[in-house]
Amino acid sequence: MAESDGWWTLALQGLPKRRKYLVAVSGGLDSVVLFHGLRLAGFRKLVLCHLDHGLRGAQSEGDARFVRRLAQEAGLPVRVKKVAVASLAQEEGLSLEEAGRKARHAFFREVARAERCHRVLLAHHAGDQAETLLLNLCRGTGWRGLAGMSASKLLEDEEPRLELGRPLLKVSKAQLREFAEEQGISWREDESNAEQAFSRNALRHEILPRLNRVFAREVAPLLLRASDQLTRLREFVDEQVSQAQTRCGDRQGIRLAALLGEAPFLQGEVLRAWLKQEGIEDLSQAQIEASLLLAKSKGSPAKINLAAGRHLRRRAGCLFLE
């Protein structure tokens, strides 16, 4: 792999070559480079996975054909599916980005069952990580969102569980492009990446380049450094939260006296972790603050509304869900 040997070795560190992996391949530069890099590094048990989001007409069909041809030339299995993501978004009141993520996870689970493999490799790179950090900052997701995407993430909310791996998170787009040119690799250009309709693309094509000009340097490495630091902080806090949950929890829910005896910062984190364990996902900071206010108040109301028709209630010195 010539000059790419160093960062490829680091990127694939911890991925045993004898294991089987599902590889998400859109047909674009990033995922195609990930696929070829894995092959050149000696990974043989790969299953290509391609989901057509139904958003780009004939272009989407061309992407699917391209991925099928990649698999055929490599003698590897491929799974391709088409989902009308725009319709899914409209039916469930989701953004296109959220609907796309939901469709992809459902697709990966379907393939995981068929292939008896729950390890999925994704091609998110350093630029994607920088965009995610800024996007989360602007959405007000709180300090946890500023840690960005995890290099490895376990999804256990549905069966079968999925292990998502992102080996390229510290690799720049420029390095991926250089590798593709070095190896003579072809890929499909995603025309939607040039549009400004989606917030992530606006960050990619307008905001980040402007920040680079303002500070006369590439800001993405600085954002990645902050992400690494916050990831380590998140790991430390998670350990403290786990210990605090043991002190605060009982069979009914969360004991208020114990919760309010914890450090103020930990109180909200304990509630977030407990509610997530109880199936309340994607809590906003405002909902956490409302839950804390419920815990601290002594009057009415003694409950607040949460997602999916669930309620958080305070009674007899405890917080519980119903």
Side-chain angles (χ1 to χ4, degrees), residues 1-14 24 26 28-34 37 95-98 100-101 104 121-153 164-182 185 187-238 265 282 284-285:
M1 294 186 190
E3 296 179 4
S4 307
D5 283 346
W7 58 259
W8 264 113
T9 300
L10 289 174
L12 302 181
Q13 193 173 29
S26 67
L29 170 67
D30 315 332
S31 60
V32 171
V33 166
L34 173 61
S95 68
L96 276 178
E97 189 175 3
E98 291 169 332
R101 185 184 306 111
R104 286 191 297 275
L121 299 183
L122 307 170
H124 295 116
H125 55 77
D128 296 322
Q129 182 73 303
E131 293 161 15
T132 297
L133 192 154
L134 284 176
L135 200 60
N136 288 347
L137 175 65
C138 296
R139 285 174 171 170
T141 55
W143 71 273
R144 284 182 177 274
L146 299 184
M149 295 178 283
S150 302
S152 179
K153 184 175 182 180
L164 303 183
R166 299 183 176 96
L168 303 182
L169 268 188
K170 295 188 177 182
V171 181
S172 71
K173 184 83 169 186
Q175 287 173 306
L176 296 176
R177 187 175 294 274
E178 182 181 3
F179 177 83
E181 293 171 352
E182 179 185 290
I185 294 170
W187 65 89
R188 298 271 297 176
E189 290 289 356
D190 183 350
E191 293 177 357
S192 67
N193 282 337
E195 297 172 0
Q196 298 295 307
F198 303 103
S199 54
R200 182 176 289 276
N201 284 340
L203 283 171
R204 179 176 306 162
H205 299 294
E206 183 179 345
I207 306 303
L208 276 169
R210 184 171 295 182
L211 287 173
N212 293 340
R213 291 194 297 271
V214 168
F215 293 102
R217 65 187 300 183
E218 288 282 337
V219 299
L222 305 178
L223 295 173
L224 295 178
R225 192 179 307 161
S227 173
D228 285 343
Q229 292 170 344
L230 284 163
T231 296
R232 291 194 291 272
L233 175 61
R234 183 170 61 189
E235 291 168 354
F236 171 76
V237 170
D238 285 344
F265 176 75
D282 299 324
S284 68
Q285 187 59 32

S.K.: In the structure I gave you, are the side-chain heavy atoms of Lys153 and Leu122 within less than 4.5 Å of one another anywhere?
M.R.: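 Not touching, per the 4.5 Å side-chain cut-off.
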S.K.: Which word best sums up how the rings of Phe265 and Trp143 line up, parallel for under 30°, tilted for 30 to 60°, or perpendicular for over 60°?
M.R.: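 Taking Trp143 first and then Phe265, their aromatic rings sit tilted (interplane angle of 30° to 60°).
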S.K.: Which pair of non-hydrogen atoms, one from Leu146 and one from Leu133, has the smallest distance, and what is that distance?
M.R.: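 Smallest heavy-atom distance, with atoms named: O-CD1, 3.3 Å.
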S.K.: Rounded to the nearest 0.5 Å, how far does CG of Leu168 lie from CG of Leu12?
M.R.: 7.5 Å
S.K.: Output yes when Asp128 and Lys173 qualify as a salt bridge under the 4.0 Å nitrogen-oxygen rule, no when they do not.
M.R.: no
S.K.: How close do His125 and Val171 get, heavy atom to heavy atom, and via which atoms?
M.R.: CB-O, 3.2 Å
S.K.: Looking only at heavy atoms, which two atoms of Gly148 and Ser227 are closest? And how far apart?
M.R.: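 In this case the closest contact between Gly148 and Ser227 is N-OG, 4.2 Å.
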S.K.: With rounding to the nearest 0.5 Å, note down the distance linking CG in Leu96 to CZ in Arg101.
M.R.: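 If I round to the nearest 0.5 Å, the distance is 12.0 Å.
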S.K.: Treating Gln129 as the side-chain partner and Lys170 as the backbone partner, does any N or O pair qualify as donor plus acceptor under 3.5 Å?
M.R.: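 No; judged by distance alone, with no hydrogens or angles, the pair does not exist.
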S.K.: Pick out which of Leu29, Val33, Ile185 makes a side chain to side chain contact (heavy atoms under 4.5 Å, CB included) with Arg177.
M.R.: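 Single pass found, and it is Leu29.
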S.K.: For the residue pair Trp187 and Ala180, what are the closest heavy atoms and their distance?
M.R.: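 Taking Trp187 first and Ala180 second, the nearest heavy atoms are CZ3-CB, 3.6 Å.
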S.K.: For the CG atom of Leu211 and the CD atom of Glu218, what is their distance to the nearest 0.5 Å?
M.R.: 10.5 Å
S.K.: Nearest 0.5 angstrom please: Leu34 CG to Asp30 CG, how far?
M.R.: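 Answer rounded to 0.5 Å: 9.0 Å.
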S.K.: Within the distance-only criterion (no hydrogens, no angle test), does the side chain of Asn212 pair as donor or acceptor with the backbone N or O of Val219 below 3.5 angstrom?
M.R.: yes
S.K.: When rounded to the nearest 0.5 angstrom, what is the spacing between CZ in Arg234 and OG in Ser150?
M.R.: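 The OG atom of Ser150 is 4.0 Å from CZ of Arg234, to the nearest 0.5 Å.
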S.K.: Which value, rounded to the nearest 0.5 Å, describes the distance between Gln229 atom CD and Arg232 atom CZ?
M.R.: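 The CZ atom of Arg232 is 6.0 Å from CD of Gln229, to the nearest 0.5 Å.
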S.K.: Using a strict 4.0 Å threshold on nitrogen-to-oxygen distance, state whether Glu98 and Arg139 make a salt bridge.
M.R.: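 Judged by the 4.0 Å cut-off on N to carboxylate O distance, Glu98 and Arg139 do not form a salt bridge.
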S.K.: Is any side-chain heavy atom of Arg200 less than 4.5 Å from a side-chain heavy atom of Thr132?
M.R.: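 When only atoms from C-beta onward are counted, Thr132 and Arg200 do touch, with a gap below 4.5 Å.
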S.K.: Identify the heavy atoms of Ser31 and Ser26 that sit nearest to each other, and give their distance.
M.R.: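 It is OG-N, 3.0 Å.
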S.K.: So which heavy atom on Leu121 is nearest to which on Pro167, and how close?
M.R.: CD2-CD, 4.5 Å
S.K.: Are Leu164 and Met149 packed together at the side-chain level, in the sense that at least one heavy-atom pair is separated by less than 4.5 angstrom?
M.R.: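 Not touching, per the 4.5 Å side-chain cut-off.
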